[in-house]
Colleague: 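Could you have a look at this structure, given as structure tokens, before my questions?
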Amino acid sequence: MRRVRYESAGGPLFLEEAPVPEPGPGELLVRCAAVGLTLPMVRKVAEAAEPVPLGGEVAGEVVAAGPGASRFRTGDRVTGLCFGHGYADFAVVHEAMASPVPDDAGFVAAIALVRSGLVAYGALEAARFAPGESVLVTAAASGVGHLAVQLARARGAGRVVGAVSGAAKADFVRSLGADDCVRYDDDGWGEPVDCVLDAVGGELLTPAMAALAPHGRLVAYSSGGGTIQAYDLLVGAKSVTGFQMALIARERPELYERWLRELWRLYAEGALRPAVHGEFALEEVEAAHRVITTRANLGKVVLCP
């Protein structure tokens with residue numbers, strides 16, 4: 001089979017021939033039809049001291065199951081997280097991290113919806129969002145952000161604001177139902193909001209905190225880091241919560257499944273429209289990573305082996 005690898009920090013990424021992996025206990029071997037790219041994985045390629053396997057979100061058909069794997073059978077359509085080599089024709093996914101793809105949904109749509117949608121849904125839950133409240137989403141044109149905008153609208157937000165880096169992204173986010181968009185370099189981000197869902201971190205934490213109304217809640221789910229001054233929390237009795245989807249999948253599987261069912265319901269009803277910026281062949285992986293690195297994507301970036 002083909003898979004993508006690199007040998008030193010920053011790449012380059014290249015294709016190599018490798019044996020098809022065998023699924024271990026509780027694992028599934030999936031023939032990959034779509035592979036989702038994420039900013040954290042792109043950052044690892046650039047920053048990790050040693051090369052790491054290019055894992056992440058995969059979707060496709062189960063072709064084999066390891067010992068003890070009983071939730072899925074050969075031929076089942078699934079999507080899930082691969083912690084090994086996922087940029088490949090075949091990938092191994094632990095069945096606990098896999099979920100079914102409905103027959104009427106494509107694999108690319110599943111990649112664009114499931115993992116990013118679960119993060120967006122979970123971040124909204126962590127914010128203790130209530131219908132009628134206002135929500136601001138940073139990186140609102142990203143794979144997670146564009147779904148967070150739609151979810152906030154679908155769940156009854158009184159006002160939805162997207163924070164983006166440029167005009168093209170603002171137009172895209174408005175087309176998804178945002179009431180307004182602000183630019184990161186604007187002097188202020190408009191009328192204060194009840195909740196901020198932050199996927200950027202770093203220097204943007206300061207204006208994101210300033211955008212909160214009294215008693216507002218910020219949920220940080222990015223890998224961008226950053227520092228918040230305690231005084232910024234005291235003024236207005238604001239709060240900050242961290243959110244990580246992996247903890248929910250590991251420790252609250254029943255919650256994970258409930259959120260997943262809700263995502264597919266909203267998708268079937270047309271309330272969620274997962275956007276795909278582009279579909280790239282495996283040999284175009286460098287170009288696909290470049291889209292993520294330059295933050296040019298409107299929605300999800302997908303490899304199609």
Side-chain angles (χ1 to χ4, degrees), residues 33-34 36 57-61 71-72 76-81 97-137 139-162 164 169-181 193-195 197 199 219 221 243 245 248-249 252-279 297-302:
E57 310 155 357
V58 303
E61 185 179 292
R71 289 181 57 220
F72 298 97
D76 283 350
R77 294 155 44 86
V78 300
T79 184
L81 272 184
M97 302 302 294
S99 57
V101 175
D103 290 339
D104 58 352
F107 289 122
V108 171
I111 281 292
L113 175 71
V114 172
R115 190 68 183 177
S116 295
L118 284 168
V119 173
Y121 198 101
L124 205 56
E125 287 286 296
R128 307 187 308 282
F129 165 79
E133 290 188 318
S134 52
V135 180
L136 183 146
V137 180
S142 68
V144 174
H146 87 287
L147 293 175
V149 167
Q150 296 177 68
L151 280 168
R153 173 62 66 220
R155 294 182 60 182
R159 183 166 63 99
V160 182
V161 181
V164 297
K169 291 187 176 183
D171 291 340
F172 170 68
V173 172
R174 286 193 182 94
S175 76
L176 300 172
D179 297 293
D180 198 7
C181 281
V193 296
D194 299 299
C195 307
L197 308 184
V219 176
Y221 60 94
F243 177 77
M245 193 63 229
I248 298 294
R252 298 289 306 278
E254 76 291 346
L255 200 56
Y256 183 96
E257 292 299 328
R258 177 155 61 83
W259 293 354
L260 185 60
R261 288 193 299 271
E262 182 67 4
L263 286 176
W264 281 120
R265 182 186 70 79
L266 291 169
Y267 173 77
E269 293 175 356
L272 275 184
R273 295 177 288 142
V276 176
H277 179 91
E279 300 177 28
N297 56 301
L298 305 178
K300 195 72 173 176
V301 178
V302 181

Colleague: Under 6.0 Å from the six-membered ring centre of Tyr121 and within 45° of its axis: does the NZ or CZ of Arg155 meet both?
Modeller: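 Satisfied, under 6.0 Å and within 45°.
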Colleague: What heavy-atom pair brings Ala34 and Val302 nearest, and what distance separates the two atoms?
Modeller: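 So the minimum-distance heavy-atom pair works out to CB-CG1, 3.8 Å.
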Colleague: Do the side chains of Asp180 and Arg159 get nearer than 4.5 Å, heavy atoms only?
Modeller: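 A side-chain contact is absent here, since even the closest heavy-atom pair is not under 4.5 Å.
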Colleague: Just verifying a value: how many Å separate Leu266 CG and Leu147 CG, rounded to the nearest 0.5 Å?
Modeller: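 Leu266 CG to Leu147 CG: 10.5 Å, rounded to 0.5 Å.
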Colleague: Quick check: closest heavy atoms across Trp264 and Ala105, and the distance to 0.1 Å?
Modeller: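 In this case the closest contact between Trp264 and Ala105 is CZ3-CB, 3.7 Å.
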Colleague: With rounding to the nearest 0.5 Å, note down the distance linking CD in Gln150 to CG in Leu176.
Modeller: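 Answer for the CD-CG pair, Gln150 versus Leu176, is 4.5 Å.
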Colleague: If you measure from CG on Asp194 to CZ on Arg128, what distance do you get to the nearest 0.5 Å?
Modeller: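 Separation between the atoms: 11.0 Å.
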Colleague: Are any of the side-chain heavy atoms of Phe243 and Ile248 separated by less than 4.5 Å?
Modeller: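 Counting from C-beta outward, Phe243 and Ile248 do come under 4.5 Å.
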Colleague: Would you say Leu263 and Val114 make side-chain contact, with heavy atoms under 4.5 Å?
Modeller: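 With C-beta onward as the side chain, the pair stays apart.
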Colleague: Between Arg115 (side chain only) and Gly80 (backbone N and O only), is there a donor and an acceptor less than 3.5 Å apart?
Modeller: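 Side chain of Arg115 to backbone of Gly80, a donor-acceptor pair under 3.5 Å: no, none is there.
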Colleague: Treating His277 as the side-chain partner and Leu298 as the backbone partner, does any N or O pair qualify as donor plus acceptor under 3.5 Å?
Modeller: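 Checking the backbone N and O of Leu298 against the side chain of His277, a donor-acceptor pair under 3.5 Å is found.
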Colleague: Which atom pair, heavy atoms only, marks the closest approach of Ala123 to Tyr221?
Modeller: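 Shortest heavy-atom contact: CB-CD2, 3.9 Å.
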Colleague: On a heavy-atom basis, which atom in Val78 and which in Val101 lie closest, and how many Å separate them?
Modeller: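 Shortest heavy-atom contact: C-CG2, 3.6 Å.
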Colleague: Does Arg174 come within less than 4.0 Å of Asp179, counting only side-chain N to carboxylate O?
Modeller: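 Answer for the salt bridge query: no.
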Colleague: Calculate, to the nearest 0.5 Å, the distance between atoms CG and CG belonging to Leu272 and Leu151 respectively.
Modeller: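 Rounded to the nearest 0.5 Å, the CG-CG separation comes out at 4.5 Å.
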Colleague: I'd like to know if the side chain of Arg153 reaches the main chain of Gly177, judged simply by a donor and an acceptor atom lying under 3.5 Å from each other, with no hydrogens or angles considered.
Modeller: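 Confirmed, Arg153 side chain pairs with Gly177 backbone.
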Colleague: Can you give me the closest heavy-atom contact between Gly162 and Ala140, atom names plus distance?
Modeller: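 Smallest heavy-atom distance, with atoms named: CA-CB, 3.7 Å.
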Colleague: With heavy-atom distances below 4.5 Å as the criterion, would you say the side chains of Trp259 and Met245 are in contact?
Modeller: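 Trp259 vs Met245: side chains touch.
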Colleague: Could you give the distance from CD (Glu57) to OG (Ser116), rounded to the nearest 0.5 Å?
Modeller: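 One finds 5.0 Å between CD of Glu57 and OG of Ser116.
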Colleague: Using 0.5 Å steps for rounding, measure from the CG atom of Asp76 to the CD atom of Glu61.
Modeller: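 Nearest 0.5 Å value for the CG-CD distance: 8.5 Å.
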Colleague: Do the non-hydrogen side-chain atoms of His146 and Val173 ever get within less than 4.5 Å of each other?
Modeller: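 Of all side-chain heavy-atom pairs linking Val173 with His146, none is under 4.5 Å.
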Colleague: So does Glu269 pair up with Arg265, basic N to acidic O under 4.0 Å?
Modeller: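 Salt bridge: yes.
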Colleague: Kindly give the heavy-atom pair with the smallest separation between Met97 and Ala249, and that separation in Å.
Modeller: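 Looks like CE-CB, 4.0 Å.
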Colleague: Just wondering, do Val219 and Glu125 contact through their side chains at under 4.5 Å, heavy atoms?
Modeller: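 Heavy-atom side-chain distance check fails, nothing below 4.5 Å.
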